[in-house]
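The structure appears right after this line, and notes come after that.
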Number of protein chains: 2
Amino acid sequence: MLNIGLVDDHTLFRKGIISLIQMACTQPVQILFEAGSGLELQEMISQDRMPDVIIMDINMPDMNGFDSVLWLKETYPGIPVLVLTMMDKEEYIIRMLKLGIRGYLSKDVEPKELGEAITAVSGNGYYYTDFITGRLISTLQQYDEHGRNLSPLNERETEFLRLACSEYTYHEIAGMMHLSPKTVDGYRKALFEKLSVKNRVGLALYAVKHGIVEL
Amino acid sequence: MLNIGLVDDHTLFRKGIISLIQMACTQPVQILFEAGSGLELQEMISQDRMPDVIIMDINMPDMNGFDSVLWLKETYPGIPVLVLTMMDKEEYIIRMLKLGIRGYLSKDVEPKELGEAITAVSGNGYYYTDFITGRLISTLQQYDEHGRNLSPLNERETEFLRLACSEYTYHEIAGMMHLSPKTVDGYRKALFEKLSVKNRVGLALYAVKHGIVEL
DNA sequence: GCGGCATACAGGAAAAACCCTGTTTTTTAT
DNA sequence: ATAAAAAACAGGGTTTTTCCTGTATGCCGC
């Protein structure tokens with residue numbers, strides 16, 4: 001019997017997932033527990049309810065998916081995690097992959113696919129939707145003419161980008177970042193190039209689209 | 001027996017809703033049909049499967065929630081519609097209210113609330129979550145010091161706002177709108193005032209936040 | 001027929017954004 | 001240890017945005 005732990009703040013989703021699991025899985029499975037956040041997950045596991053697979057969302061109150069996976073990997077690295085979320089932004093996928101999750105599914109998944117993913121992940125396998133692998137491949141293909149990767153924004157660039165999505169002037173942003181306005185202007189230019197945008201509005205829309213700033 | 005028609009493109013959601021209905025409703029209910037889009041809804045109803053209540057999402061392929069409700073109100077105005085969606089943008093809520101829906105729920109709804117909403121709507125009642133009514137009230141409270149309503153953007157302002165969320169200069173936008181750059185500057189100023197923003201980035205973020213431009 | 005109102009438009013000016021080229025300093029790799 | 005890359009910064013220029021005040025026109029109500 002395969003024991004599944006379900007972590008999602010929406011009751012609607014949890015019940016939907018349970019229904020799908022029951023109709024999709026060929027092997028015998030049961031829902032060991034449901035948790036509405038990372039904190040509840042910690043409670044469940046501290047009560048010695050050890051699942052064979054954890055299905056987890058990202059957006060949750062109290063403790064989100066990233067922190068939850070981080071904690072799991074530190075504490076019980078053996079439990080495979082299957083992320084099931086609406087968030088299909090590249091940044092999120094990449095962050096999760098780095099944390100060592102074993103599968104990533106979008107919430108518009110078909111029952112059959114969910115069953116396959118659970119089977120794969122509960123063994124020693126991995127499962128990512130075609131959609132997601134497709135996006136990742138196209139991301140990894142973003143090199144410039146010298147073969148340098150253009151896409152990943154470093155710490156400082158990300159910080160600048162977040163601040164650029166505001167009503168502060170670049171001068172004010174320079175102050176906040178403890179940099180000269182000229183340096184900030186350099187970041188601006190670099191990001192225009194990297195993200196192929198022409199003005200600050202382009203930066204803001206890129207940031208929203210890729211989940212770098214929340215609305 | 002209350003017959004429910006379920007219109008949502010995500011299998012996960014449909015199964016979740018069904019679970020919640022079964023655990024939340026005190027009265028006897030059954031799911032008469034499930035449809036994955038407005039087109040499928042039309043098929044179902046043309047097969048003479050007339051539900052007492054329709055629970056509907058907004059984002060769907062082929063035929064979305066707005067068009068579906070529009071068609072329903074023209075063809076079978078008697079069937080009450082309960083919108084159940086993640087889209088909590090004011091523009092969407094207002095559009096749906098104008099179409100004459102009877103309830104609007106967010107997908108993070110509690111089982112109990114879903115049951116109450118179904119009961120209310122299947123009678124001759126209405127049901128809106130506190131969250132939604134709260135947002136609507138705060139929107140309707142946006143008056144200026146003379147009592148004039150600031151919030152609703154007219155046609156031309158909306159058109160300008162959409163164009164401002166781009167990498168065109170205002171000069172180029174003026175050309176597209178067949179207006180003088182000075183007039184466009186007037187729209188800019190008026191929108192800064194109405195939306196309480198300080199620069200073009202603020203405009204773009206407002207537009208995204210309120211569903212005026214898609215990403 | 002006249003004030004109120006919305007729309008379209010102008011001149012002019014300061015601020016901010018945008019762009020290019022080049023220097024210094026710090027970090028990193030070998 | 002040193003060359004190469006990345007980060008911080010400057011000078012100086014153009015374009016765009018932002019802001020102010022003021023005018024002309026057509027529409028609507030009373």
Side-chain angles (χ1 to χ4, degrees), chain A residues 142-209 212-213, chain B residues 142-209 212-213:
Chain A
Q142 288 174 13
Y143 296 93
D144 72 4
E145 66 276 15
H146 305 295
R148 279 187 290 265
N149 196 332
L150 294 170
S151 78
L153 272 45
N154 62 33
E155 277 295 315
R156 214 74 174 132
E157 283 172 335
T158 306
E159 190 187 347
F160 165 75
L161 182 53
R162 270 191 240 275
L163 289 169
C165 298
S166 71
E167 301 189 351
Y168 296 115
T169 66
Y170 289 136
H171 197 267
E172 290 168 325
I173 291 173
M176 293 178 198
M177 293 179 73
H178 304 290
L179 291 173
S180 132
K182 285 296 180 180
T183 307
V184 165
D185 192 47
Y187 278 108
R188 181 196 56 76
K189 196 164 141 39
L191 282 194
F192 276 23
E193 181 100 0
K194 277 196 184 183
L195 310 179
S196 312
V197 300
K198 286 195 184 66
N199 63 21
R200 198 168 158 178
V201 172
L203 285 186
L205 296 181
Y206 177 95
V208 172
K209 204 179 301 186
I212 292 160
V213 291
Chain B
Q142 288 174 11
Y143 296 92
D144 72 5
E145 66 275 16
H146 305 296
R148 279 187 290 265
N149 195 331
L150 293 170
S151 78
L153 272 44
N154 63 34
E155 279 294 314
R156 215 74 176 132
E157 284 171 335
T158 306
E159 190 188 347
F160 164 75
L161 182 54
R162 271 191 239 276
L163 288 168
C165 297
S166 72
E167 303 189 350
Y168 296 115
T169 66
Y170 288 135
H171 193 88
E172 290 168 325
I173 291 172
M176 293 177 199
M177 293 179 74
H178 304 291
L179 291 173
S180 136
K182 285 297 179 178
T183 306
V184 165
D185 190 48
Y187 279 108
R188 181 197 55 74
K189 196 162 144 34
L191 282 192
F192 276 24
E193 180 99 358
K194 277 195 185 183
L195 310 178
S196 311
V197 301
K198 286 194 184 64
N199 63 21
R200 197 170 160 176
V201 172
L203 285 186
L205 295 181
Y206 177 95
V208 172
K209 204 179 300 186
I212 293 161
V213 293

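When reading the values below, keep in mind they use all heavy atoms of this one structure, side chains included, and skip hydrogens, waters and symmetry mates. Each chain gets a letter, A, B and so on, in the order its sequence line appears, and its residues count up from 1.
Here D:dA6 presents its P atom at 11 Å from CD of A:Glu157, a figure rounded to the nearest Å. Atom CZ of A:Phe192 and atom C1' of D:dT16 are 12 Å apart (whole Å). Put simply, CD on B:Glu172 is 12 Å from C1' on D:dT15, counting in whole angstrom units. Between the OH atom of B:Tyr170 and the C1' atom of C:dC18 there is a distance of 15 Å, rounded to whole Å. Protein atom CZ of B:Arg188 is 9 Å distant from nucleotide atom P of D:dT17, rounded to whole Å. Remark: C1' of D:dT15 and CZ of B:Arg200 are 13 Å apart, rounded to the nearest angstrom. One interatomic measurement links the two molecules: CE of A:Met177 to C1' of D:dA8, which rounds to 11 Å at whole-angstrom precision. Rounded to whole angstrom, the span from the CD atom of A:Glu155 across to the P atom of D:dA7 amounts to 12 Å.
Look at B:Thr169 and you won't find any side-chain N or O under 4.0 angstrom from OP1 or OP2 of D:dT15. In this structure, A:Asn154 reaches the D:dA7 phosphate: one of its side-chain N or O atoms is under 4.0 Å from OP1 or OP2. B:Thr183 has no side-chain polar atom (N or O) that falls below the 4.0 Å cut-off from OP1 or OP2 of C:dA8. Residue B:Tyr187 places at least one side-chain N or O closer than 4.0 Å to OP1 or OP2 of C:dA8.
Remark: the B:Asp185 side chain and the D:dC19 base include a donor-acceptor N/O pair separated by less than 3.5 Å. No donor-acceptor contact under 3.5 Å links the side chain of A:Lys182 to the base of C:dG22.
Here the closest non-hydrogen pair linking B:Ala190 and B:Glu157 is CB-OE2, 4.5 Å. When all heavy atoms are compared, the tightest approach of A:Pro181 to A:His171 is CG-CD2, 3.7 Å.
Side-chain atoms of A:Glu172 come within 3.5 Å of backbone atoms of A:Thr169 as a donor-acceptor pair (strictly under, hydrogens ignored).
Using a 4.0 Å cut-off between a side-chain N of Lys or Arg and a carboxylate O of Asp or Glu, B:Arg188 and B:Asp185 qualify as a salt bridge.
By the 6.0 Å and 45° rule, A:Arg156 does not stack over the aromatic ring of A:Phe160.
With the nearest nucleotide of DNA chain C identified for both B:Leu179 and A:Lys189, B:Leu179 has the one nearer the 5' end.
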